[in-house]
Every structure is written in C-alpha cells, then in structure tokens.
Amino acid sequence: MTTEMTDAVSRPLVMLRGVGLEVAEPVPTRILHPVDLDIESATAVAVVGPSGAGKTTLASLIGALQQPTEGSYRFDGQEVAGMSGARLAEFRARDVGFVFQHSHLIDERSVVANVDLGLVGSELHRVERAELCAAALEWVGLATLGARRSAFLSGGERHRVAIARALVKSPRLILADEPTAALDQETGREILELLANATARGATVILVTHDPRAVEYVDAVHRIVDGRLTGGGHS
Ligand SMILES: Nc1ncnc2c1ncn2[C@@H]1O[C@H](COP(=O)(O)OP(=O)(O)OP(=O)(O)O)[C@@H](O)[C@H]1O
C-alpha cells in the first residue's frame with residue numbers, strides 16, 4: 001500500500017489541531033482554548049461538561065456554523081478552516097446533519113414534507129426524494145406517519161422526524177446538540193439509541209449533552225471544562 005492510501009484508510013473523519021475561538025465583542029474573550037481532537041469515521045462520541053463550558057461552541061466549529069480563530073480543521077483530510085462562506089454552506093449541506101434540542105418542525109406541514117426539508121438544495125428528482133424520505137422515516141420507525149400533519153405528533157415522534165430530516169441526505173456527520181433535554185427518560189433513551197445506531201449507516205455521530213446516559217451509547221467521551229478539552233476516553 002502506498003503512503004497516500006494508508007493515510008486515506010486510517011485518517012480520522014474529523015481532525016482538529018490547535019482549533020480555538022476567541023471573540024472580540026463586546027470584550028475580547030477566549031471561548032475555546034486550542035483543541036486537538038480526532039474523531040474516527042462511523043463512531044459515536046459524546047461531548048460533555050458543565051453549562052457554559054464550550055460544548056456547543058466546539059460542535060458549531062465542527063459543523064462549520066462558525067469558523068475558528070486559530071488552528072487547522074480537516075474533514076476527511078480536507079481543510080475546512082479558512083473555507084469561503086459559499087464552500088462552508090456547501091460542506092454543511094452535503095456532509096452535516098443537525099439535530100437540536102427542539103425538533104424545529106413546520107407544524108402546518110406533513111411529516112414527509114418536513115423530512116424532505118433535509119434535501120433542500122439537492123438536485124434529486126421528486127421521485128428519488130420521496131423514496132429517500134420514505135426510507136428515512138422507516139429507519140426512525142415512523143413509516144406509517146408520513147402523511148400526518150406534524151402538529152399532531154408527540155414529542156418523541158417529533159424528534160424522530162427531526163432525525164429522519166438530518167439523516168435523509170446520508171450525511172457523513174451528525175451533530176446532535178442536547179437531543180434529549182426536552183424529552184422524558186424513556187423517550188430520551190430511544191432517541192440516544194437511534195442516534196448511536198446511525199453509525200451502522202456509516203455516519204459519524206457527535207452528541208453534545210448533559211445527559212449522563214449518553215456515555216452508554218457512544219464509543220468515546222470528550223469532556224470540556226472552562227473552554228478546555230480536559231481529555232477524552234473510550235467508553
Ligand atoms: N460568539 C460568542 N460571543 C461571546 N460569547 C460567546 C460566544 N459564543 C459562546 N459564548 C460564550 O462562551 C461560553 C461557552 O458557550 P457554549 O454555548 O459553547 O457552552 P455549553 O457548554 O454548550 O453550555 P450549555 O451546556 O449551557 O449549552 C458561554 O459562556 C457563552 O456565553
């Protein structure tokens with residue numbers, strides 16, 4: 001095997017080297033101290049730590065929702081830090097599926113129409129889109145609810161739809177920020193399990209969470225305290 005091939009096989013999907021964030025306004029503030037972090041492809045990891053520690057900030061840098069003020073961020077070997085706004089938007093649209101604390105569905109639309117929002121910008125034919133949406137809904141266990149108006153769903157069902165919307169384009173990365181915070185215990189577990197199972201589809205899953213149960217579902221846990229990654233471990 002050539003060196004290049006070995007690199008391609010073994011390199012992490014997400015590779016951060018000295019990635020940090022300092023904001024200038026209203027006063028210069030260090031939000032994230034330089035972080036080195038590798039996340040392997042098709043694994044699930046949790047980012048944990050106290051409130052205000054910098055978990056969401058780290059996730060937003062990995063999801064390219066904002067740019068670091070220093071360091072190198074390689075996604076599958078490609079440098080993301082320093083990409084133009086248009087290329088970042090392309091990267092997010094193609095490679096990242098976002099799941100948030102609240103499901104952010106459009107209540108007036110059907111379940112399947114909400115899932116289809118995950119394909120906005122794709123050039124797929126309507127029939128292919130419908131097939132992908134149906135497959136995503138089946139995967140999250142809602143195959144029979146496609147036509148239902150989203151306003152009539154339970155909290156757990158809404159989250160499943162949000163996960164289907166994130167997964168429908170088969171992104172390589174899924175970023176879930178506090179996905180269980182608004183759910184009861186049992187439903188929270190189901191959602192954690194569903195997200196962790198996305199690794200079987202080849203997705204890499206990052207869970208930002210306060211939920212101590214999340215560690216049971218992931219391959220590694222990374223802890224942030226006061227804007228510093230204090231070490232990670234495989235669970
Ligand atoms: N753009 C910004 N400008 C100023 N302060 C910021 C900015 N982004 C984040 N912060 C601050 O940085 C700190 C870390 O925020 P972050 O949302 O990453 O924490 P967190 O660990 O996700 O917290 P929580 O668990 O409460 O959601 C907070 O004090 C937040 O107010």
Side-chain angles (χ1 to χ4, degrees), residues 13-39 43-73 75 80-85 87-89 91-92 95-105 155 158-159 162-163 166 171 173-185 187-189 191-192 195-196 198 204-233 235:
L13 184 72
V14 168
M15 197 165 97
L16 306 183
R17 291 293 176 269
V19 164
L21 183 73
E22 194 171 290
V23 295
E25 302 287 339
V27 288
T29 309
R30 168 60 66 178
I31 308 289
L32 191 69
H33 292 268
V35 164
D36 289 349
L37 177 64
D38 287 352
I39 300 174
T43 62
V45 307
V47 178
V48 301
S51 185
K55 304 182 295 295
T56 296
T57 300
L58 177 63
S60 72
L61 293 171
I62 295 173
L65 292 170
Q66 61 180 334
Q67 283 280 36
T69 43
E70 68 212 296
S72 159
Y73 168 19
F75 183 88
V80 176
M83 271 186 190
S84 68
R87 287 197 61 213
L88 286 175
F91 165 66
R92 286 192 301 266
D95 288 316
V96 191
F98 294 95
V99 177
F100 300 103
Q101 178 175 346
H102 299 287
S103 43
H104 300 291
L105 302 185
R158 294 176 73 82
H159 262 65
I163 292 170
L173 185 65
I174 294 184
L175 270 173
D177 197 349
E178 299 289 1
T180 61
L183 301 174
D184 63 52
Q185 292 275 323
T187 313
R189 270 199 182 280
I191 293 301
L192 287 172
L195 284 166
T204 301
V205 178
I206 301 179
L207 290 172
V208 172
T209 186
H210 282 103
D211 191 334
R213 297 168 306 178
V215 302
E216 298 167 32
Y217 295 89
V218 296
D219 302 294
V221 179
H222 301 284
R223 170 168 289 275
I224 300 192
V225 179
D226 286 340
R228 291 177 201 275
L229 200 60
T230 60
S235 56

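First listed ligand is number 1; within each ligand, the first listed atom is number 1.
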Review point. Given Ser60, Gly54, Gly52, which has its nearest heavy atom closest to atom 24 (P) of ligand 1?
Key: Gly52

Study note, to complete from the structure: shortest atom 17 (O) of ligand 1-to-protein heavy-atom contact is with Thr56 CB, 3.6 Å

Point to revise | Side-chain donor-acceptor contact under 3.5 Å, Glu22 with Thr69 | key: no

Review point. Where the closest heavy atom to atom 18 (O) of ligand 1 is concerned, which of Val48, Thr57, Val208, Val27 has it?
Key: Thr57

Point to revise | Donor-acceptor pair between Arg17 and Tyr73 side chains, under 3.5 angstrom | key: no

Review point. Should you measure from each heavy atom of Val23, which atoms of ligand 1 turn up under 4.0 Å away?
Key: 1 (N), 2 (C), 3 (N), 4 (C)

Review point. Going from OG1 on Thr43 to CG on Leu13, what distance comes out if it is rounded to the nearest 0.5 angstrom?
Key: 8.5 Å

Review point. Does Gly49 have a non-hydrogen atom less than 4.0 Å from ligand 1?
Key: no

Check your understanding: Looking only at distance, does Ile31 have an N or O less than 3.5 Å from an N or O of ligand 1?
Key -> no

Point to revise | Which residues share a salt bridge (charged side-chain N to carboxylate O under 4.0 Å, His left out) with Arg92, sequence neighbours left out | key: none

Check your understanding: What residue and atom, counting heavy atoms only, is the protein's closest point to atom 26 (O) of ligand 1, and at what distance?
Key -> Ser51 OG, 2.6 Å

**Study point:** Nearest-0.5 Å distance, OG1 of residue Thr204 to CD1 of residue Ile174
**Key:** 9.0 Å

Study note, to complete from the structure: The atoms of ligand 1 lying under 4.0 Å from a heavy atom of Pro50, numbered in the order shown, are 21 (O)

Practice item. Could you check which of His210, Glu22, Gln101, Lys55 puts a non-hydrogen atom nearest to atom 21 (O) of ligand 1? Key: Lys55

Review point. Does Gln66 come within less than 4.0 Å of ligand 1, judged by its heavy atoms?
Key: no

Check your understanding: If we only count N/O pairs under 3.5 Å, is Glu25 in contact with ligand 1?
Key -> no

Check your understanding: In terms of side-chain geometry, is the basic nitrogen of Asp211 or Arg213 positioned less than 4.0 Å from the acidic oxygen of its partner?
Key -> yes

Check your understanding: Any protein heavy atom under 4.0 Å from atom 30 (C) of ligand 1?
Key -> no

Exercise for review: Output yes when the distance from some N or O of ligand 1 to some N or O of Glu178 is under 3.5 Å, and no in every other case.
Suggested key: no

Check your understanding: For the side chain to side chain contact (heavy atoms under 4.5 Å, CB included) test, which of Leu229, Thr56, Val48 pairs with Ile224?
Key -> Leu229

Check your understanding: Who are the ring pair (Phe, Tyr, Trp, His ring centres under 6.0 Å) partners of Phe75, not counting sequence neighbours?
Key -> Phe91

Point to revise | Nearest-0.5 Å distance, CE of residue Met15 to CD1 of residue Ile39 | key: 12.5 Å

